[in-house]
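Following: one structure in structure tokens, then a few remarks.
The chains referred to below are lettered A, B, ... by the order of the sequence lines, with proteins before strands, and numbering in each begins at 1. Keep in mind that the numbers below use all heavy atoms, side chains included, and drop hydrogens, waters and symmetry copies.
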Amino acid sequence: MTGARPSACAAVGAVRSNGLVSSAFHRLDVELDLPFDFLPGQFAMINEAGPRAWTFSRPFSILAAEDGVLSILYRVVGRGTAALAALGPGAALQVLGPLGEPFPTPQADRAAVLLGGGVGLPPVFAWLQRWGRPGDHAFFGARDGGEVPWDLLGDRWRVSVDRGEGLPGGRTAFTGVVTALAASAPDLPSHGSATVYACGPGPLLRAAADLARRRGWTCWVSLEEHMGCGYGVCKGCVVQVADDGRIRNATCCFEGPVFDATRLPDLGSPAPVPHAASGDIPPGSCGGAP
Amino acid sequence: MTGARPSACAAVGAVRSNGLVSSAFHRLDVELDLPFDFLPGQFAMINEAGPRAWTFSRPFSILAAEDGVLSILYRVVGRGTAALAALGPGAALQVLGPLGEPFPTPQADRAAVLLGGGVGLPPVFAWLQRWGRPGDHAFFGARDGGEVPWDLLGDRWRVSVDRGEGLPGGRTAFTGVVTALAASAPDLPSHGSATVYACGPGPLLRAAADLARRRGWTCWVSLEEHMGCGYGVCKGCVVQVADDGRIRNATCCFEGPVFDATRLPDLGSPAPVPHAASGDIPPGSCGGAP
Amino acid sequence: MTWPSWWNLEVTAPFQLGPRELPGRVWTASGCFAYGLHAHEFTAADCPTPYAGLGAVVTKTVTPVSRAGNPMPRLVETPCGALNSIGLENVGFDAFLDTVLPELEALGVPTVVSLAATSPEAFGPMVRRLHEAAKGFAHWHGVELNLSCPNVAEGGHDFGGSPATVARCVAAARAELPDRALLAKLTPNVADIVQLAVAARDAGVDAVSAINTVVGLDVDLRTGRPYLPRRFGGYSGPAILPIALAKVDQIVQGAGVPVVGVGGIAAPEDALKFFALGAVAVQVGTAQMRDPFAAARIARALGQCSSS
Amino acid sequence: MTWPSWWNLEVTAPFQLGPRELPGRVWTASGCFAYGLHAHEFTAADCPTPYAGLGAVVTKTVTPVSRAGNPMPRLVETPCGALNSIGLENVGFDAFLDTVLPELEALGVPTVVSLAATSPEAFGPMVRRLHEAAKGFAHWHGVELNLSCPNVAEGGHDFGGSPATVARCVAAARAELPDRALLAKLTPNVADIVQLAVAARDAGVDAVSAINTVVGLDVDLRTGRPYLPRRFGGYSGPAILPIALAKVDQIVQGAGVPVVGVGGIAAPEDALKFFALGAVAVQVGTAQMRDPFAAARIARALGQCSSS
Ligand SMILES: Cc1cc2nc3c(=O)[nH]c(=O)nc-3n(C[C@H](O)[C@H](O)[C@H](O)COP(=O)(O)OP(=O)(O)OC[C@H]3O[C@@H](n4cnc5c(N)ncnc54)[C@H](O)[C@@H]3O)c2cc1C
Ligand SMILES: Cc1cc2nc3c(=O)[nH]c(=O)nc-3n(C[C@H](O)[C@H](O)[C@H](O)COP(=O)(O)OP(=O)(O)OC[C@H]3O[C@@H](n4cnc5c(N)ncnc54)[C@H](O)[C@@H]3O)c2cc1C
Ligand SMILES: Cc1cc2nc3c(=O)[nH]c(=O)nc-3n(C[C@H](O)[C@H](O)[C@H](O)COP(=O)(O)O)c2cc1C
Ligand SMILES: Cc1cc2nc3c(=O)[nH]c(=O)nc-3n(C[C@H](O)[C@H](O)[C@H](O)COP(=O)(O)O)c2cc1C
Ligand code: FES
Ligand code: FES
């Protein structure tokens with residue numbers, strides 16, 4: 001979609017800093033042993049190094065990568081992220097990245113509408129940092145005011161919260177979902193003249209696709225799926241995409257995570273049609289993959 | 001042998017301190033959530049708490065247990081002890097103990113000859129602390145002067161080293177094995193009038209048993225075997241003992257680790273005779289225990 | 001831990017297993033808690049005794065004649081489990097009946113007796129003698145046939161591998177055991193464990209226990225040779241949990257016989273997984289070696305949640 | 001790491017396997033590195049490319065017609081491994097021959113092609129077509145038959161479970177493959193893997209690969225139901241290492257056929273254990289998913305030691 005991706009490296013990292021930047025988001029900065037470049041929307045697979053490594057690394061969108069330091073923003077949701085949150089400075093990590101299809105670069109004639117929900121912030125944040133122009137619009141949604149990484153966001157981002165609690169003094173936020181905030185913004189681009197870049201939970205992506213459809217905007221979404229390898233080799237992360245009116249599996253990690261929303265039946269776009277041929281071996285207990 | 005053992009507790013511990021006390025010996029002090037009493041020669045099974053626990057806890061002789069703090073002395077030899085050495089203050093441990101048969105208490109008419117080799121020091125050290133009398137003799141052997149925990153030993157212990165290196169200023173040590181140091185000591189008890197308490201590597205125990213045999217002394221040794229459970233239930237730690245002229249398996253953890261050296265064919269005591277009946281099921285792939 | 005909404009089993013309440021009511025659904029597994037007598041004076045801050053809330057102690061398998069077991073070393077730790085090659089060291093059936101069983105009864109320990117024999121038909125007389133010796137015992141609840149031993153009379157193959165032999169073992173024991181629970185413990189080292197479970201069911205078992213250990217091997221890198229003197233060992237611990245869950249699911253779905261789940265349980269969540277698949281009870285093996293209170297703690301954790 | 005004194009194999013030197021010389025003894029396993037084409041531009045500080053020192057990339061199993069695979073989720077992580085239920089998603093044999101294999105040849109990647117089919121006899125024509133398509137290819141070294149798929153023609157049972165069927169698969173492929181190495185990959189989910197290896201040997205295989213994944217299951221505690229939509233998955237990773245070592249040892253001792261060891265290798269020490277038992281080569285599967293350089297790093301570590 002965007003041409004050449006930077007090639008990935010399997011780097012060894014050392015935690016530089018790791019801690020909460022809001023009530024729910026941790027920021028991890030890792031020093032790497034290799035130069036690391038990325039395009040906004042790409043992600044990295046991260047794991048502990050050594051005998052405590054988990055079977056599978058975990059995917060995290062890249063927030064920034066400067067001077068050999070990779071930064072991510074994460075929420076603790078399970079065992080891997082809990083283990084990550086327990087690491088102190090100096091802890092050794094293995095990092096594979098950058099991976100995946102990035103968000104497209106800006107188009108001269110279209111404003112960008114960035115929609116980030118929760119820990120879906122990094123790819124759209126990185127997009128604005130890299131490609132943002134004065135006329136682009138940035139919206140971020142969180143559960144409540146305490147969750148919002150205010151210092152990171154600065155003034156450019158308009159913020160929505162599900163519940164008004166935890167808003168620090170001097171900050172304002174819209175109460176409601178982030179797509180409602182965006183839809184109600186007075187300065188929104190007109191019909192057909194914007195591109196949406198969205199990352200966040202499923203309902204956000206569906207609402208974003210819907211908003212874009214109604215306004216005649218292009219809409220790029222970054223999906224999350226369970227991942228095994230993150231670099232396209234295991235087929236453990238497939239999502240259904242429509243190609244030529246047929247639905248087929250695409251790897252979220254390699255063909256995605258960024259997709260054109262109109263290709264994704266799960267976002268309510270084209271009507272689902274039957275799967276492409278599944279071959280002549282029946283499903284079931286299959287070699288190495290029962 | 002010594003009557004009632006204190007009953008064991010399955011305690012939760014928190015590391016109070018953990019660090020080197022010589023070039024090779026670490027001392028670990030653990031605060032326990034239960035009162036903990038022991039007899040010298042007993043040991044504890046120690047493991048990390050929580051999901052990082054190893055399948056099997058590791059056995060360590062008890063150096064001391066005072067005011068709810070258990071102390072052990074250990075050398076890093078493999079993965080469990082390496083993991084132990086990496087734990088800092090506050091780390092959670094699971095501790096099961098005290099376990100096993102302790103060293104017998106002193107006999108009025110016999111001097112004690114304590115022989116400790118390397119990390120075999122704790123049980124004999126604890127014996128001297130608890131039961132020691134002015135006429136008892138304490139000998140400790142290490143690989144070199146740097147390995148010796150001088151501050152812990154104080155003046156009471158006579159020290160031997162394999163190699164003279166690493167001797168701190170003001171300290172003296174015999175060069176040779178610890179049993180040679182003991183045998184050459186000018187003030188040794190006469191024939192038949194001493195009891196040896198020994199713990200250390202196999203060659204030390206064999207030499208101790210041999211010395212005792214030649215001098216007509218009683219000899220108690222503390223054995224080390226691989227252990228699974230440490231409390232007698234898995235039969236994973238058997239040693240061969242002679243009973244009534246026949247050899248049978250005894251659990252090192254429950255019937256031992258302290259044994260009368262004359263019962264141990266492996267220490268060159270009685271001549272080995274055939275195993276006791278092995279039942280009518282042949283050895284081989286056996287239920288849960290192939 | 002937070003408990004799933006579907007969970008409503010009372011694991012520390014009595015339940016019926018064949019002709020017998022057992023006091024609970026969390027048991028210790030054979031061979032990992034000896035005869036259940038080594039830990040009764042142990043203390044812990046959070047549990048009164050290692051038996052608290054237990055449905056049964058399955059005693060170490062006893063054989064007609066005592067056994068000295070295999071040479072040392074007998075255990076290898078692996079990253080997520082262990083291999084054992086104990087070789088069924090046990091005191092023998094006579095000593096078990098004379099000294100062990102009466103002590104368990106006196107202590108009030110709910111007991112399931114694990115037996116192995118040299119031919120299928122040998123189980124009948126063993127069970128009959130057990131029945132006589134334990135007449136009137138209130139805490140002896142059942143027998144578990146350990147069918148993973150070589151069948152001497154029939155060429156040394158495992159009893160456990162052949163459905164026909166499993167059926168003969170069960171039938172012989174059942175004939176002498178009208179009033180206690182009869183379990184057959186199945187080996188996972190077969191292509192189709194459902195066939196074994198069906199055979200056991202048809203021969204009259206009240207439940208099958210699944211699984212015994214999985215055949216494994218570890219190499220001693222210092223020598224380049226297998227670490228255990230007999231090369232192979234029985235693999236147990238958390239590493240085998242997914243294998244045990246698969247076998248239990250196959251049996252529950254395919255054989256319609258009650259299943260006692262064994263294999264890899266180290267935490268309450270692990271036990272829950274077996275119950276979720278339909279197991280009527282669970283056994284804790286390897287984890288009991290590390291912590292004599294493991295099964296009791298799991299029972300307590302699961303019991304608290306269902307009663308809240 | 002320090003290397004054991006008995007170790008003297010040159011794992012990064014060419015070795016003969018049947019009619020073919022392969023460039024090394026550390027390979028990637030089928031299904032965990034796709035077709036070997038996703039990582040060739042990856043960099044690492046300590047390894048020039050993910051292929052450095054590799055003896056072969058065993059490509060993802062391809063079937064006569066492309067497959068969409070199983071529904072998501074397809075993977076579950078367990079404490080020491082993972083379950084997968086990919087369902088053999090693959091591009092199909094035609095696309096493989098047209099686009100994948102020529103690219104591997106152009107890149108100079110040593111390749112072993114993994115094939116599955118719907119009947120034993122279908123392997124013959126597949127191998128023949130492969131042979132024609134790859135005529136003159138210098139880097140295509142062999143074929144691995146994935147015999148763990150349901151045999152449609154014969155009632156849906158796994159090919160891999162029956163020695164007779166294994167023999168027919170091997171014979172069909174061998175007849176068309178005089179000049180490349182032929183391997184049969186065996187399933188561990190049987191009572192006696194030696195019989196399968198003997199059948200493969202007698203039918204003319206050059207080596208057997210052991211093992212494929214072990215049947216496992218995990219429960220989703222939120223729902224109380226199996227986590228994978230098809231209930232069962234293939235268990236892989238460090239947890240299965242002792243099982244794979246046991247199977248490899250049984251085959252080496254009992255079947256006298258060269259063995260390629262697969263299962264649970266994540267570190268050089270793990271690979272060493274297979275070589276210690278007599279394996280002629282090893283394959284790295286699950287660990288390759290976490291680290292595209294896993295096999296290359298293992299080859300490098302083992303290579304350094306033998307050449308020092
Ligand atoms: C391309 C991509 C980019 C991502 N970027 C970020 C990011 O920048 N910050 C961040 O905090 N998280 C991000 N995630 C999600 C993150 O990978 C998961 O939260 C993490 O893998 C969970 O690991 P765990 O071991 O803590 O949880 P687990 O114990 O594995 O799972 C806990 C819960 O999370 C769900 N889950 C697990 N993995 C995923 C996944 N990959 N996608 C969706 N749900 C999952 C599980 O179903 C379960 O409900 C991203 C995911 C993808 C695919
Ligand atoms: C009753 C008893 C008391 C002990 N007291 C002490 C003590 O006070 N201080 C101390 O440092 N150590 C003591 N040990 C030994 C200690 O238990 C082992 O060093 C420890 O278990 C090794 O664990 P690891 O995981 O580091 O090594 P592993 O990786 O398990 O093994 C490393 C090496 O040590 C050997 N080994 C492992 N376990 C034992 C064992 N139980 N006995 C002998 N060799 C073993 C292995 O064969 C291997 O060569 C005692 C052992 C016993 C049985
Ligand atoms: C040291 C040891 C000894 C065992 N002895 C027996 C035994 O005598 N009889 C038996 O039926 N199972 C025996 N087993 C198997 C266990 O009862 C259990 O089936 C197996 O270990 C799997 O459960 P786990 O993973 O909880 O240990 C033994 C297991 C271990 C680890
Ligand atoms: C995600 C995944 C996909 C697999 N696909 C295949 C396959 O297509 N063909 C095959 O023969 N084996 C397949 N396997 C099995 C592996 O090749 C290997 O035999 C097994 O995973 C054990 O090795 P490991 O523990 O190193 O992963 C697959 C394994 C995994 C984890
Ligand atoms: S995670 Fe492996 S293919 Fe996407
Ligand atoms: S270690 Fe289990 S019986 Fe001694």
Side-chain angles (χ1 to χ4, degrees), chain B residues 5-12 32-35 45 47 49-51 53-58 78-80 94 96-97 99 225-240 247-249 251-254 274-290, chain C residues 30-34 38-39 41-45 47 60-61 63-70 72-75 77-78 80-82 84-90 92 116 118 146-150 152 156 158 160 185 212-213 215 230 232-234 236-238 285-286 288-293:
Chain B
R5 307 177 187 176
S7 78
C9 64
V12 175
L32 303 177
D33 67 340
L34 285 172
M45 297 295 287
N47 205 328
W54 325 303
T55 304
F56 298 137
S57 298
R58 303 292 197 265
R79 153 174 103 83
Q94 47 182 312
L96 180 69
L99 296 165
E225 246 315 337
H226 291 90
M227 288 188 178
C229 67
Y231 67 103
V233 298
C234 74
K235 303 285 180 197
C237 68
V238 295
V239 295
Q240 307 204 326
I247 295 191
R248 67 170 184 89
N249 286 335
T251 50
C252 182
C253 69
F254 187 74
H275 258 78
S278 197
D280 50 358
I281 297 181
S285 148
C286 248
Chain C
S30 181
C32 300
F33 202 45
H38 276 78
E41 288 177 337
F42 286 13
T43 55
C47 242
K60 171 76 188 173
T61 300
T63 48
V65 180
S66 72
R67 289 169 53 88
N70 288 339
M72 288 284 290
R74 295 175 169 189
L75 295 169
E77 192 185 74
T78 68
C80 253
N84 88 78
S85 172
I86 306 296
L88 275 191
E89 173 167 343
N90 77 90
T118 50
N146 175 355
L147 302 180
S148 307
C149 260
V152 176
D158 266 20
K185 185 163 178 188
N212 213 313
T213 57
V215 174
R230 298 203 184 280
F232 305 105
S236 67
T286 304
Q288 192 71 10
M289 291 167 61
R290 183 169 68 192
D291 176 11
F293 291 84

Distance-minimising heavy-atom pair for C:A45 and B:D33: CB-OD2, 3.4 Å
With only heavy atoms counted, which part of B:A11 is less than 4.5 Å from chain C, the side chain, the backbone, both or neither? neither
Taking all non-hydrogen atoms of both residues, which atom of C:T286 and which atom of B:F56 are closest, and how far apart? CG2-CE2, 4.2 Å
Of all heavy-atom pairs linking B:T55 and C:A82, the shortest is CG2-CB, 4.0 Å
Below 4.0 angstrom, N of the basic side chain to O of the carboxylate: do B:R58 and C:E77 qualify? yes
Using heavy-atom distances under 4.5 Å, tell me whether C:C80 contacts chain B through its side chain, its backbone, both, or neither. backbone
Less than 4.5 Å to any heavy atom of chain B: does that hold for the side chain of C:S30, its backbone, both, or neither? neither
Is B:L99 in contact with chain C via its backbone, its side chain, both, or neither, using a 4.5 Å heavy-atom distance? side chain
So which residue, B:R79, B:M227, B:E225, ends up with the most heavy-atom pairs under 4.5 Å with chain C? B:R79
For C:A39 against B:Y231, the heavy-atom pair lying closest together: CB-CE1, 4.0 Å
Give, for atom CE of C:M72 and atom NE2 of B:H226, the distance between the pair rounded to the nearest 0.5 Å. 7.5 Å
Using non-hydrogen atoms only, which part of C:F42 is less than 4.5 Å away from chain B: side chain, backbone, both, or neither? both
Interface residue of largest heavy-atom contact number with chain C, from B:G236, B:G230, B:C237, B:S7, under 4.5 Å: B:G236
For B:A10 and C:D291 the tightest heavy-atom approach is CB-OD1, 4.3 Å
Rounding to 0.5 Å, atoms CH2 (B:W54) and OG1 (C:T78) come to a distance of 15.0 Å
Largest heavy-atom contact set with chain C, pairs under 4.5 Å, which of B:C229, B:C234, B:P51, B:A8: B:A8
With a 4.5 Å limit on heavy-atom distance, are the side chains of B:Q94 and C:R290 in contact? yes
Checked B:V12, B:N47, B:V238 vs chain C; the most non-hydrogen pairs under 4.5 Å come from B:V238
Side chain proximity check, C:P292 to B:L96, heavy atoms < 4.5 angstrom: yes
Please find the pair of heavy atoms, one from B:G232 and one from C:A34, that lie closest to each other, and give the distance. O-CB, 4.2 Å
